[in-house]
Every structure is written in structure tokens, then in C-alpha cells.
> 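For reference, the structure I am asking about is given below.
This chain uses plain numbering: 1 for the first residue, then up along the sequence.
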Amino acid sequence: MLDGVTALVTGASQGIGREIAETFAAEGANVALAARSDGIYETERLIDAPDQTLPVETDVTDDADVEQTIEATVSEFGGLDCLVNNAGIAGPTAPIEEVSLEEWQQTLEVNVTGMFLATKHAVPALRESEQPRVINVSSISGKRPLPDRTPYVASKMAVIGLTRTLAFELGEFGATVNAICPGATAGPRIQDVIQAQADNQGVSYETAKADLFTDDVALGQLVEATDTAEMAAFLASERGRHVTAQDINVDAGTVWY
């Protein structure tokens, strides 16, 4: 359980971020909901616990914005125990010669620089916590090739390197730092990715889905956002106190390293 824990979840407006926020709140945590879109207010409504939630419109690529979000969280709840760096974008689906510099930079800015900024500004508050945690949402694409997704794969591999380094840097004050690597997760975002891959390769949606995301999976299926949320809750809790510097797959058996 997460009674008394204060967490900040970036990308909390939909998908995995929303599920993490809902799961944390259900386990008793106070949750700051950060995202650029107004979907955070829908997340707040779904949680339906005004005393436990704080929606904050945040651009994770904006240094001042992120700093203000951390300050608002600490002011509202009296501290910060857990940072969940979940904000991310899919980036383009195209061969590298067709990827623009702007697309490359945007993907890295959101998926990597956003985590850097959030962690940088959260560390002073986390140092004051009795149970400090940083949870970074990477992807199994941070561990294996995914054709025509160069910016995304590069960004998710960077998240794993960031996680391992921070685990040792922040471990001196007892913080654990882990990455969760979800497999292809059911929902609108993965549907868009699969359709883009299908269009790019000139095959059907179902063929692209099977070729890329289910044929080589031990359980032969996509995972659910709740699977990642439950892993995050474990890592944020006292139960996960000795798990750190890990990149943990939640992927129905897609990769095993």
C-alpha cells in the first residue's frame, strides 16, 4: 500500500500515466497529475478524491515549468516521495532518411530531456523523503530493434542508461531508481503505431500487429496499462525497497534481458 506517499506522475492525462495515477491513489497515495493536455482533469475526475490529487498543466521540456510543478506538489502535499517519469511520445514511423531533424529532436526532448528535468528538480525534495523513489517508464523498444522507429528506440535506450546511472548517484541517500519496460500496450497509441507500420510496409493492420508485437511474444498478446501501473505501485512501496538500477520488463514475454 502507498498510504502517506506523495507521488508526481508525468504524462498523467491518458494511457499508462493515467493508470499509474489511478492505481497510486487507490492505494492511498497523494498524486500530482502532470501533463500538457487538459486530460489531467479527466484523470482527477476518474480518481474522484480531491484531497489526494493535484492536476498541474506541465510541459516536461520546459525547465521553469517543471520546477514550478515540483514546487506546487511539495507545497500542496508537504513533500515528495516518488517521481514517475512517464511522459513520452511515439515519434515518427519512417526510415531514418525520411525523419526530419525536428522530429528527432522533439522525440528526444520529450522522452529523455523531460526525465532529466523532472529528476533534477525533484531530487532536493526526494532527499527529504523517508522512502524516495524514481520510476522511469522506458519500453522494450529500449532493448531491441524496431525498424523505422529510430528516434523512439534511441530515446528509450537512453532512459535505461539514465536509470542505471541515477540509481548509483541517488542511492547515497537511499533512493531507488528503476525503469519499467512495457511491451506493446493495448490502447489508441499502439493502434496508431501499428497502423503506421502497416501503411509503411504495405500490409494489413493485423499482419503488422502480428509481425511486430504478438508473433514472438510468449503469451501472444498485448499487455494492459494496468500491468505497468501495478509494477510501478510495487516499486513505489516499501516492498520494492531493495529493487534498484533495474530495467523491468512488463511485456507478456517479448524480451528476456
> Can you find a side-chain donor-acceptor pair between Thr113 and Thr61 that sits under 3.5 Å?
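Thr113 vs Thr61: no donor-acceptor pair found between side chains.
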> Who are the side chain to side chain donor-acceptor pair (under 3.5 Å) partners of Glu102, not counting sequence neighbours?
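Applying side chain to side chain donor-acceptor pair (under 3.5 Å) to Glu102 gives none.
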> Can you tell me which residue among Thr107, Ile89, Val110 is in a side chain to side chain contact (heavy atoms under 4.5 Å, CB included) with Ser155?
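For Ser155, the side chain to side chain contact (heavy atoms under 4.5 Å, CB included) test succeeds with only one of Thr107, Ile89, Val110, which is Thr107.
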> Who passes side chain to side chain donor-acceptor pair (under 3.5 Å) against Gln221, sequence neighbours left out?
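Here no residue qualifies.
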> Would Ile140 and Val217 show up in the same hydrophobic cluster when neighbours are defined by side-chain heavy atoms closer than 4.5 Å?
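No, because Ile140 and Val217 fall into different hydrophobic clusters, even though each may have its own neighbours under 4.5 Å.
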> side-chain hydrogen bond (donor to acceptor under 3.5 Å, both in side chains) with Asn136: which of Thr119, Asn86, Thr163?
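Only one option passes, and that is Thr163.
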> Could you measure the distance from the CD atom of Glu103 to the CG atom of Leu108? Nearest 0.5 Å is fine.
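Between Glu103 CD and Leu108 CG, I get 12.5 Å after rounding to 0.5 Å.
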> Could you list all the salt bridge (charged side-chain N to carboxylate O under 4.0 Å, His left out) pairs where at least one residue sits in residues 69-96, not counting sequence neighbours?
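Matches after skipping sequence neighbours: none remain.
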> Counting heavy atoms not belonging to Ile96, are there more than 12 under 6.0 Å from its CD1?
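Open.
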> Please list all pairs meeting salt bridge (charged side-chain N to carboxylate O under 4.0 Å, His left out) that have one or both residues in residues 242-254, counting only residues at least two apart or in different chains.
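Sorted pair list: Lys143-Asp247, Arg164-Asp247.
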> Please say yes or no: joined through hydrophobic side-chain contacts below 4.5 Å, possibly via intermediate residues, are Val84 and Phe77 part of one cluster?
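Shared cluster, no.
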> Count the heavy atoms of every other residue, nucleotide or ligand shown that sit under 6.0 Å from CZ of Phe168, and state whether that count exceeds 12.
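12 or below, so no.
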> Can you confirm whether more than 12 heavy atoms, excluding those of Gln14, are under 6.0 Å from its CD atom?
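No, CD of Gln14 has 12 or fewer neighbouring heavy atoms, counting only those of other groups under 6.0 Å.
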> How would you list, by chain and number, every residue that makes a salt bridge (charged side-chain N to carboxylate O under 4.0 Å, His left out) with Glu172, sequence neighbours excluded?
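If we apply the salt bridge (charged side-chain N to carboxylate O under 4.0 Å, His left out) test to Glu172, skipping adjacent residues, the hits are Arg127.
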> Any idea which heavy atoms bring Thr244 and Ala175 closest together, and the distance?
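Closest pair (atom of Thr244, atom of Ala175, distance): OG1-O, 4.2 Å.
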> Minimum heavy-atom separation for Val223 and Gly183, please, with both atom names.
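Taking Val223 first and Gly183 second, the nearest heavy atoms are CG2-O, 3.8 Å.
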> Pairs in or reaching into residues 16-38: which pass salt bridge (charged side-chain N to carboxylate O under 4.0 Å, His left out), with residues at least two apart or in two chains?
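Only Glu27-Arg239 qualify under salt bridge (charged side-chain N to carboxylate O under 4.0 Å, His left out).
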